[in-house]
Amino acid sequence: MNIGNKQQSIRCLTAKVGLNSHDRGAHVIARAFHKTGFEAIYSRLHKSLDEIVRAAVQEEVASPLGTHDTLVPKITDGLKEGVAAIFGPITSAEETIEFVRETALER
């Protein structure tokens with residue numbers, strides 16, 4: 001996005017909710033965002049829903065991404081208007097990047 005003469009990068013938060021410790025997908029998409037020029041923020045493992053919501057609001061991210069389907073409603077309730085989409089494990093990095101780029105430009 002351009003604001004005046006300054007270039008503003010798209011900020012994206014990748015969150016892994018839950019107690020299991022497999023976060024490879026979150027790392028893969030965070031790296032893909034970074035390589036595309038986005039400002040990628042990874043919330044790390046074992047964060048509570050409230051911590052992820054606070055991080056998304058504090059970091060003013062384009063879209064929190066990646067969680068288990070059963071936890072998404074709780075995150076959505078916490079953010080009220082912050083979740084634009086959920087990307088599951090079979091979603092390509094390219095599809096996710098394009099969606100975030102288009103959505104961030106609309107905001």
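The figures here come from the full heavy-atom set of this structure, side chains too, leaving out hydrogens, waters and symmetry mates.
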When rounded to the nearest 0.5 Å, the distance separating OG of Ser43 from CZ of Arg54 is 12.0 Å
If you round to the nearest 0.5 Å, how far is SG of Cys12 from CZ of Phe38?
5.5 Å
Measuring from atom OG1 of Thr36 to atom CZ of Arg31, what distance do you get when rounded to the nearest 0.5 angstrom?
12.5 Å
Taking the side chain as every heavy atom from C-beta outward, state whether Phe33 and Ile10 have any pair of such atoms under 4.5 Å apart.
no
Neighbour count above 12 (heavy atom, 6.0 Å) for His27 NE2
yes
Minimum-distance pair of heavy atoms, taken over all atoms of Ile41 and Arg11
CD1-NH2, 3.7 Å
Once rounded to the nearest 0.5 Å, what's the spacing between atom CG of Leu13 and atom CD of Gln58?
10.5 Å
Could you go through the side-chain contact (heavy atoms from CB on, under 4.5 Å) check for Phe87 and Ile29 one step at a time?
CA-CA 10 Å; Phe87 300 98; Ile29 196 65; over 6 Å; no
Looking only at heavy atoms, the pair that brings Ala40 and Ala30 closest together is CB-O, 3.3 Å
